[in-house]
Asker: 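One structure coming up, written as structure tokens, with questions to follow.
Each residue takes its place number in the sequence, starting with 1.
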Amino acid sequence: MRLALVFNPFKYKVHEENLRVVQKYFGMFPPLSLAWVASIARQAGHEVTIIDARTLNLSKEEVLDRLKEFKPDILGFMMTTYMFVDTLGWIRYLKKELKIPVVIGGYNLRVYPKESISHPEIDYGVIEHALHTVPQLFSALEGKEKLKEVVGLVYKEDGEIKLNPAQKVDFEKFPFPARDLLPNDLYAEFPTERKNFTVMVTSLGCSYGCGFCEAGRTAYNPRSPMTVVNEIEECYEKYSIREIDIFDYDFTMDKRRTISICREIKKRNLDIIWACRSRVDIDEELLKEMSEAGCSRIYYGIESGSQQILDNINKGITLKQVEKTIQATKELGMKALGFFLIGAPGENKKTVKQTLGFAKKLNLDYVQFSKCLAKPLTPLWKQMVEETGKDYWKDWILGKETDQALPRPWTKLSNEEIDHLAKWAYVAYHSRLSFLIEATLKVKSFKEFKRKFLGYLEMLFSQEKISKEDKGFVAYHEEPKRLNFYRKIAKFR
Ligand code: B12
């Protein structure tokens, strides 16, 4: 079979947790989920292409031209809950033109499998991982198996939507993502220092139970240190990658595994810098190993400067732990980023002030103030659905709901106040003279300076007062020249 995977651009949403300007400058990331699907399908003997229309800034028509050239038998898309409608628009257009089956997968399928494929343009849905499902589905489409035997599939038969439950997978068994199908030199994120840049995932799941997170209490499924470093080495050798952001929910969850990975990176002498996400309850021994292995940034889930709020969201950390870990991180020469929530359960103006004050005291290199949201599968969402009897996200997937800011019954702050406070926190944090001087001195290239300076100006002068729809939204691209080159090649190929 010939499979074409399309990663479509997505617009800013009013219901988003980030402010528009933050979303715009976030970065250009590789469509990693699709790269996993591609390598799994290839391993099973199929031909695959990935069209990263978001990064290449391709229109629907341009993607259609490329698809006509590739001549796929089946089209595939990755679905998140929030961008479902954008992707559905692309599916509608391409399906109408190409008239071939469409398969979707991605996180949203875990939450709303049947609703997701209820749209007539979508034929199949992979509920969880592609590892067993995709090879089996393709074999069924080739007439070698029956659809009812394909594990983890949701499909249509005799006018009915049928669901075959998924099987557990061993993440260790996944092949490396097919980065050879991606324009690796176009990717970057806001704090990137080196090129080429990529993202990696080395473990699935998280055993903690934070109230705002959908990954809470899901089975921890790590890849072995050797496999992780083999993938890093492949990135280094084959794709000239020199910076990696590890997107695991909590990369330091298993201290021994993390230390083994660090030691293996050092042993292989890979001149690579990397970033990861971590809880703050880790120790100096681990931080030292990470710093020696090239870790240059750690993104910490700090969430709040109020102990009461931390307890309300079941974070299981103390403000003292935060201070100690951030100080140790910085002393070891790594940059520290803090993720904060605005509008968490019990939040008021005073606790937001405490959060901003705490962030300033920590003097973090980067901060992100996200608006707390009842995301599907989170405890906050479960509570909201139970109390109101209404599931906004389900209706959104079914096309019955518009994009809107959702109620936050757990705080007395209004949505407008939360928008305003998030914006105020960003401006106040970044406008300190000491921060501006320090940040400028740490900048390593003109490109990095330009990106950060433009982002700062936009944050100051063109942020909307409250979040609103933005139909003309385009994500920031720091490589317009190279992008044009790729687009030209695409045209003449
Ligand atoms: C890397 C990443 C990104 C990258 C790349 C996205 C991509 N398409 O690969 C970037 C930064 C671009 C990104 C963007 C966004 N992301 Co993201 N992302 C991730 C992250 C950290 C890792 C994905 C990954 O590789 N996981 C490991 C692989 C093995 O698992 P997987 O992704 O689930 O993929 C498997 C299956 O789902 C399935 N599958 C997935 N897609 C497809 C497609 C087909 C055709 C098939 C057959 C199967 C299939 O097979 C895969 C292999 O087994 C996850 C969190 C996580 N740790 O998983 C969030 C996550 C998926 N992202 C999320 C969100 C919200 C977003 C954004 C909306 C954020 C934003 N505001 O911009 C956008 C939307 C992008 C879009 N087009 O919809 C949410 C989704 C929640 C939800 N309910 O839908 C997650 C779970 C993070 C979170 N905790 O909030 N993301």
Asker: Roughly how far apart are Leu377 CG and Arg217 CZ, rounded to 0.5 Å?
Answerer: 14.5 Å

Asker: Is Asp470 salt-bridged to Lys24, going by a charged N under 4.0 Å from an acidic O?
Answerer: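 Result for this pair is no, no salt bridge flagged.
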
Asker: Quick test of your reading of the model: are Lys95 and Asp123 salt-bridged, counting only N-O distances below 4.0 Å?
Answerer: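 Salt bridge present between Lys95 and Asp123.
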
Asker: Answer yes or no: is there a donor N or O on one side and an acceptor on the other, between the side chain of Lys156 and the main chain of Ile117, under 3.5 Å?
Answerer: yes

Asker: Measure the acute angle between the ring planes of Phe473 and Tyr12, then classify it against the limits of 30° and 60° as parallel, tilted or perpendicular.
Answerer: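 Rings of Phe473 and Tyr12: tilted, 30 to 60°.
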
Asker: Has the side chain of Thr192 got a donor or acceptor atom that lies under 3.5 Å from a matching backbone atom of Glu189?
Answerer: yes

Asker: Say you draw a straight line from CZ of Arg110 to OG1 of Thr218; how long is it, rounded to the nearest 0.5 Å?
Answerer: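 Answer rounded to 0.5 Å: 9.0 Å.
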
Asker: Begin from the C-alpha positions of His15 and Trp393 and carry the test side chain to side chain contact (heavy atoms under 4.5 Å, CB included) through to its verdict.
Answerer: CA-CA 11 Å; His15 61 226; Trp393 297 114; 3.7 Å; yes

Asker: Taking all heavy atoms of Val14 and all of Ala405, pick out the closest pair and write down the distance.
Answerer: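 Smallest interatomic distance, heavy atoms only, reads CG1-N, 3.7 Å.
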
Asker: Going by atom types alone, do Tyr82 and Glu17 pair a side-chain donor with an acceptor below 3.5 Å?
Answerer: no

Asker: Main chain of Ser414, side chain of Glu417: is a donor-acceptor contact present, judged purely on distance under 3.5 Å?
Answerer: yes

Asker: Around atom NZ of Lys162, are there more than 12 heavy atoms from other residues, nucleotides or ligands closer than 6.0 Å?
Answerer: yes

Asker: Report yes if the side chains of Trp36 and Phe174 come closer than 4.5 Å at any heavy-atom pair, otherwise no.
Answerer: yes

Asker: Would you please indicate if the ring centroids of Phe251 and Trp274 are separated by under 6.0 Å?
Answerer: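 Ring centroids of Phe251 and Trp274 are less than 6.0 Å from each other.
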
Asker: Does some side-chain heavy atom of Glu479 sit less than 4.5 Å from a side-chain heavy atom of Lys195?
Answerer: yes

Asker: Is a salt bridge present between Asp170 and Lys173, judged by a nitrogen-to-oxygen distance below 4.0 Å?
Answerer: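 Yes.
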
Asker: I need the single residue from Asp271, Ile241, Ile265 that forms a side-chain contact (heavy atoms from CB on, under 4.5 Å) with Tyr236. Which is it?
Answerer: Asp271

Asker: His119 vs Phe84 aromatic rings, parallel, tilted or perpendicular, using cut-offs 30° and 60°?
Answerer: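 If you compare the ring of His119 with that of Phe84, the planes turn out tilted.
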
Asker: Hey, are Lys452 and Tyr366 close enough side-chain-wise for a donor-acceptor pair under 3.5 Å?
Answerer: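 On atom types as modelled, these side chains qualify, holding a pair under 3.5 Å.
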
Asker: Could Arg451 and Tyr476 be counted as a cation-pi pair, given that NZ or CZ must be under 6.0 Å from the ring centre and within 45° of the axis?
Answerer: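 So Arg451 doesn't make the cation-pi contact.
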
Asker: Taking atom types as modelled and ignoring hydrogens, do the side chains of Thr378 and Glu214 form a donor-acceptor contact shorter than 3.5 angstrom?
Answerer: no

Asker: Please check: side-chain N/O of Asn221 versus main-chain N/O of Val169, any donor-acceptor pairing under 3.5 Å?
Answerer: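 Yes; judged by distance alone, with no hydrogens or angles, the pair exists.
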
Asker: Test your reading of the model: is there a side-chain donor-acceptor pair from His430 to the backbone of Tyr426, 3.5 Å cut-off?
Answerer: yes

Asker: If you count heavy atoms of other groups shown closer than 6.0 angstrom to NE2 of His420, is the number above 12?
Answerer: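 Check fails, neighbour count at 12 or below.
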
Asker: Just so I know, are the side chains of Thr80 and Asn108 near enough to count as touching, which here means a heavy-atom distance under 4.5 Å?
Answerer: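 Of all side-chain heavy-atom pairs linking Asn108 with Thr80, none is under 4.5 Å.
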
Asker: Checking Asp391 against Trp381: is there a side-chain donor and acceptor pair closer than 3.5 Å?
Answerer: yes

Asker: Salt-bridged, Glu401 to Lys390, with N to O below 4.0 Å?
Answerer: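 Counted as a salt bridge, because a side-chain N and a carboxylate O are separated by less than 4.0 Å.
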
Asker: Any donor-acceptor pair under 3.5 Å linking the side-chain atoms of Asp248 with those of Thr202?
Answerer: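 Side chains of Thr202 and Asp248: pair found under 3.5 Å.
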
Asker: Would you call Glu193-Lys444 a salt bridge at under 4.0 Å N-O?
Answerer: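 Yes, this pair counts.
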
Asker: Do Lys371 and Ser467 have side-chain N/O donor and acceptor atoms under 3.5 Å apart?
Answerer: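 A donor-acceptor contact under 3.5 Å links the two side chains.
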
Asker: Is there a donor-acceptor pair under 3.5 Å between the side chain of Asn164 and the backbone N or O of Leu147?
Answerer: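 Answer holds: yes.
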
Asker: Ion pair present between Arg297 and Glu243, side-chain N to carboxylate O less than 4.0 angstrom?
Answerer: yes

Asker: Less than 3.5 Å apart, any donor N or O on the side chain of Asp52 or Tyr187 sitting next to an acceptor on the other?
Answerer: yes

Asker: Can you check whether Leu337 reaches Asp365 side chain to side chain, under 4.5 Å on heavy atoms?
Answerer: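 Answer no - side chains too far apart.
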
Asker: Could you tell me if the ring centre of Phe340 sits under 6.0 Å from that of Phe369?
Answerer: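 Yes; Phe369 has its ring centre under 6.0 Å from that of Phe340.
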
Asker: Under 6.0 Å between the ring centres of Tyr456 and Phe453?
Answerer: no

Asker: Work out which heavy atom in Ser224 is nearest to a heavy atom in Glu172; give both atom names and the distance.
Answerer: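 Closest heavy-atom pair between Ser224 and Glu172: N-OE1, 2.6 Å.
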
Asker: Are the side chains of Leu137 and Tyr124 in touch, meaning some heavy atoms are under 4.5 Å apart?
Answerer: yes

Asker: Would Lys468 and Asp419 pass as an ion pair if we require N to O under 4.0 Å?
Answerer: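 Between Asp419 and Lys468 there is no salt bridge, as every charged N stays at least 4.0 Å from the carboxylate O atoms.
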
Asker: Taking side chain to side chain donor-acceptor pair (under 3.5 Å) as the cut-off, I'd like each qualifying pair that reaches into residues 137-147, sequence neighbours left out, listed once.
Answerer: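 Residue pairs passing side chain to side chain donor-acceptor pair (under 3.5 Å), neighbours aside: Ser139-Glu145, Glu142-Lys144.
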
Asker: Just by distance, with hydrogens left out, do Arg54 and Asn8 show a side-chain donor and acceptor under 3.5 Å apart?
Answerer: no

Asker: Quick check: do Lys238 and Asp180 have side-chain heavy atoms less than 4.5 Å from each other?
Answerer: no

Asker: Just by distance, do the side chain of Arg277 and the backbone of Ile246 share a donor-acceptor pair under 3.5 Å?
Answerer: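 Yes, the answer is positive, given that a donor and an acceptor are paired below the 3.5 Å cut-off.
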
Asker: With the threshold set at 4.0 Å, does a side-chain nitrogen-carboxylate oxygen contact exist between Arg179 and Glu231?
Answerer: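 Glu231 and Arg179: salt-bridged.
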
Asker: Measuring only between side-chain heavy atoms, which start at C-beta, is Tyr93 closer than 4.5 Å to Val63?
Answerer: no

Asker: Any donor-acceptor pair under 3.5 Å linking the side chain of Arg223 with the backbone of Phe171?
Answerer: yes

Asker: Any salt bridge between Arg2 and Glu47, counting N to O under 4.0 Å?
Answerer: yes

Asker: Phe26 vs Phe29 aromatic rings, parallel, tilted or perpendicular, using cut-offs 30° and 60°?
Answerer: perpendicular

Asker: Between the side chain of Ser278 and the main-chain N/O of Tyr300, is any donor-acceptor distance below 3.5 Å?
Answerer: no

Asker: Keeping the roles fixed (side chain from Thr133, backbone from His129), state whether a donor-acceptor pair exists under 3.5 Å.
Answerer: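 Answer holds: yes.
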
Asker: Are more than 12 heavy atoms from other residues, nucleotides or ligands located less than 6.0 Å from atom NZ of Lys442?
Answerer: yes

Asker: If you define the side chain from C-beta out and look only at heavy atoms, does anything of Glu97 sit under 4.5 Å from Glu61?
Answerer: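 Result no, sub-4.5 Å side-chain heavy-atom pair not found.
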
Asker: If we ignore angles and hydrogens, is there a donor and acceptor under 3.5 Å between the side chains of Ser118 and Glu115?
Answerer: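 Side chains of Ser118 and Glu115: no pair found under 3.5 Å.
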
Asker: Run Arg482 and Asp185 through salt bridge (charged side-chain N to carboxylate O under 4.0 Å, His left out) and show every step you take.
Answerer: CA-CA 9 Å; Arg482 203 165 314 205; Asp185 51 343; 3.2 Å; yes

Asker: Using the rule side-chain contact (heavy atoms from CB on, under 4.5 Å), only one of Ile122, Leu5, Thr87 pairs with Phe77; which is it?
Answerer: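 In the set Ile122, Leu5, Thr87, the residue that makes a side-chain contact (heavy atoms from CB on, under 4.5 Å) with Phe77 is Thr87.
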
Asker: Going through the distances and angles, do Asn196 and Arg242 end up as a side chain to side chain donor-acceptor pair (under 3.5 Å)?
Answerer: CA-CA 6 Å; Asn196 292 341; Arg242 297 291 178 264; over 6 Å; no

